[in-house]
S.K.: 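Quick one: the structure is below, questions incoming.
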Amino acid sequence: LKILLVEDDPQTSDHLAQGLREDGQRVDIVSDGREGFLRATGEPWDLLIVDRMVPGLDGLDMVRMIRASGITAPVLFLTTLGGIDDRVMGLEAGGDDYLVKPFAFAELIARVHALGRRPWQATRETRLRVADLELDLLSRTTQRGGRGIDLQPREFRLLEYLMRHAGQTVTRTMLLENVWDFHFDPHTNVVETHISRLRGKVDKGFAPELIHTIRGTGYSLRAPS
Amino acid sequence: VPLPKLVHTSSFRLTLLYAALFSLSALILLGVIYGATTYYMTGTIDAAIESDVTELKQALSENGRDRLIVLVEERIQQMPNGPIFYLLEDAAGNSLAGNLPAIGPRTGAFDLNVPSLAPPSERHIAIHIHSVKLTTGDDLMVGADATQLVELKELILSSFGWCFAITLLLAVGGGVVMSGSILRRIESVNRTSRDIMAGNLSRRIPLAGTNDEFDRLAESLNAMLDRTERSLEGMRQVSNDIAHDLRTPLTRLRHRLEFAQRKCQSADELRSAIDHSITETDAILDTFGALLWIAQLEGQGSQRPFVAIDLSELLATVAEVYQSTAEQKAQRILVAAEAALTVSGDRELLTQLFCNLVENAVRHSPSGASIEIGAADRDGVVEVWIADNGPGIPQEARAKVFQRFYRLEASRTTSGNGLGLSLVAAIAALHRIDLALADNAPGLRVLLRFAPAQ
C-alpha cells in the first residue's frame, strides 16, 4: 500500500513509518497540514494516516478540504487522549477510522490492512463465502459444508465482520467497535467468549479450522492456503 | 460619581441630543403659534382701520373738508380713550382735529408709542397707525390700540424662553441622574470583572432586583462566570488528581522497570517484565483518559446533540457484555427491563454509564451473587435500577463514592481506578439523570431516574 503519513512529531512518525515499512508498505511522511493537503491531492494514495493536531492546517480541516476536492482514499485519524467528541468529529470530517494514541502497533497494522482493501470490499454482496463456510446476508442463514448452522444475532454479526475481513487480522477493539458498537474497553472477556462460542458452532466437527487466534493481537478468519 | 465622568457617558450624550431635538420641535411649534396669532390680530386691526379710513374719505368727497373735521371730532367724542385714535393735519403739519400728538407728514403704516389718554397716564400704549394723503392735501391718520398684540407677542416670547430654559434644565438634570444610575450599574460590572481578574473567581455581579435589562445582563454574565469557574475548577481538580493519584502507579512502574533492569537474566524474563509494564502503562493511561473525560463532562459537556435511544436494547447489550465475566464468578445477571423504552441522550456516554455500574456490581459482589438490571416507565419518568446482593455501601459513604479516587476500605484490594462512579455521576448530571444509591437489603441498589422528556 502507498501510505501518506501526516504527523508532526518526528519520533512518532519515524516509529510508525519504520513499523509500516517492515509490514511491507510504502510510506511518505509530511509534518505540516498544508503540505499534507498538497501531497494528498497531488498524487494517488491508498491510505492517509492523519494526526488530528498538525501545524499549518488542522488535521480535521485538512481532511475536509481533501474530501471537498474529490479524493476518496481512506483516512485514518490519529489523536491524543481526550475529547469526547473527537471520534464523531473525525468521522464527520470525512475520516474512515480513528485511533487514540497511544495504541498498540498491531492495532494500527490491523486497521491499515482493513482500510487498505476497502475499495473492492465496498461492493454490496449478499452472500459471503470462505472455503466451505457460507453466510447469506439476506436470509440471515449460515451453513458450512452444506450443513446449516444456527447462530445468535450477535454471533451472526461477529461472523459477518470476520468474513468481510477474511484473511486479515482483526483486533479485539475492532470487534468491540463494529460488532458491539462499544467505543471504549468494557474490561470483560465478551469478545473471547463469543469467539469461542462461534468456534464451537463453525469449526467444531469441521476441518480445516477457519477461525485463528493471532497471539497478542486478535483473530483472523481464513481458508487454508 | 464625579461630574466630568458623567458628562462623558453615552447616556448623557443621548439625553443632550434628545433635549436638543425636543427644543427644536418646541421652537417650531411656538414659531407657528406666534406667526399665526400676530398675523390674525394684525389683520383684524388693519381691517378696522381701513374701513374707518374708507368711510372718512367717502365723507370728504361727498360733504367736504369741514364735514370731515366734524365727523372726526364726533368719533373722538364717542371714544375719547380709544381704541381708535384720529389725527387730521394740514399740509403744514397743523392739527385740524384729533386726539393723537402731532406727528408730522408721514404716509403708510407705522407704530407709535404714546402716553395713555386714560388714567393712569404714566402708562404708554402702542398704537398702529395708517396715514393717508387726502385730496385736500391734508394728512389723515387713523390708529388702533395695538397694546394687546404687543403684550401677546411679549407673552409668547417670554413663555417660550421659560419653556426652553426649563426643558434644557430638565434634560441636563435628567441626563445627569440617568447617566449616574446607569454608570453605577456598569461600574458594578467593572468592579466585579476587576476582582475576578485579580483572582477572586467566585465574585459575581450583584443584582438590583428590579428584573430590568441590567439584571438580565448580570444574570447572563453570572451564568457565564459560573460555567467558566466550573471549567477551571475541573481543570484544577484534574491537575491535583494527577499530582496525587497518578504518582503512585507511575512510581510502581518505575520500580518494576528498575527491578527488571537489575535482576532479569533471560530474554523471557525481560519480555515478561515488559509485558507487565505495558499493562501497567495502559492502566495509567486509562486513568488519565477517565480523568480528562470527567473534567470535560463536568466542564463543557458534550457538543454532540442528544438522540432518541432504545434503552431496552442498550441495557440488553450491556448485560450481554458482562454476562461471561459474571459467569466466571458464578454470578447471574438478570435483565428485567420493559420493552421499547426510549430516552434522549448520548448513546456512547450512556453505554459507558451502565457499563460502569454493572462492572462495579460484578466486581464488588461475591461469587454466587445475582445482579438485576431493570428499567420501567413510571408515569412518564423512565427509571433504571442496577441492584446486587453484594456487600453494599454503608450509608455514610454513599455521598463520597462519587468523588474522584474515593475507594471503600473493603475494596482497596480489588482492581479499578476509583473513577468509575465519578464518571457515572458526571454523565448522569449531563443527562439530568437523578442518581441515588439505596440499600438493597442486602446489597446495593443504584436508581437512575431520567428527566421527563419535554
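A, B, ... follow the sequence lines: proteins, then strands. Residue 1 opens every chain.
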S.K.: Is B/Q352 close to chain A through its backbone or its side chain, or both, or neither, when contacts mean heavy atoms under 4.5 Å?
M.R.: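 Both the backbone and the side chain of B/Q352 come within 4.5 Å of chain A.
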S.K.: Against chain B, label A/D185 side chain, backbone, both or neither, depending on which of its atoms sit under 4.5 Å from a heavy atom there.
M.R.: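 Contact with chain B: none, neither part.
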S.K.: Which pair of non-hydrogen atoms, one from A/P102 and one from B/L285, has the smallest distance, and what is that distance?
M.R.: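 Answer, listing the atom of A/P102 first, then B/L285: CG-CD1, 3.0 Å.
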S.K.: Would you say that more than 12 heavy atoms from the other residues, nucleotides or ligands in this model lie under 6.0 Å from the CZ of A/R21, or not?
M.R.: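 Enclosed: over 12 neighbouring heavy atoms sit under 6.0 Å from CZ of A/R21.
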S.K.: Heavy-atom distance under 4.5 Å to chain A: side chain of B/N356, backbone, both or neither?
M.R.: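 Neither part, no heavy atoms under 4.5 Å.
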S.K.: Can you name the closest pair of heavy atoms from A/P186 and B/Y322 and give their distance?
M.R.: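 That would be O-OH, 2.9 Å.
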S.K.: So which atom in B/E320 and which in A/W180 form the shortest heavy-atom distance, rounded to 0.1 Å?
M.R.: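 It is OE2-NE1, 2.7 Å.
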S.K.: Under 4.5 Å from any heavy atom of chain A, what part of B/I278 do you find: side chain, backbone, both or neither?
M.R.: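 Neither the backbone nor the side chain of B/I278 comes within 4.5 Å of chain A.
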S.K.: Give a yes or no on whether A/Q11 atom CD has more than 12 heavy-atom contacts from other residues, nucleotides or ligands under 6.0 Å away.
M.R.: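 For A/Q11, atom CD is not crowded (no more than 12 foreign heavy atoms under 6.0 Å).
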S.K.: Output the option from B/D282, B/D346, B/T317, B/T281 having the highest count of non-hydrogen pairs under 4.5 Å with chain A.
M.R.: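 Heavy-atom pairs under 4.5 Å are most numerous for B/T317.
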S.K.: Give me the one residue out of A/T188, A/T193, A/N189, A/V191 that meets side chain to side chain contact (heavy atoms under 4.5 Å, CB included) with B/V321.
M.R.: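 Per the side chain to side chain contact (heavy atoms under 4.5 Å, CB included) rule, the option paired with B/V321 is A/T188, out of A/T188, A/T193, A/N189, A/V191.
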S.K.: Decide if atom NE2 of B/H276 counts as having more than 12 heavy atoms of other residues, nucleotides or ligands within a radius under 6.0 Å.
M.R.: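 Open: at most 12 neighbouring heavy atoms sit under 6.0 Å from NE2 of B/H276.
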S.K.: For chain B, which candidate among A/E192, A/M89, A/H183 shows the most heavy-atom pairs at distances under 4.5 Å?
M.R.: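 Greatest number of close heavy-atom pairs with chain B: A/H183.
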S.K.: Evaluate side chain to side chain contact (heavy atoms under 4.5 Å, CB included) for B/D286 paired with A/H187, printing each intermediate quantity in order.
M.R.: CA-CA 11 Å; B/D286 268 2; A/H187 303 291; 3.4 Å; yes
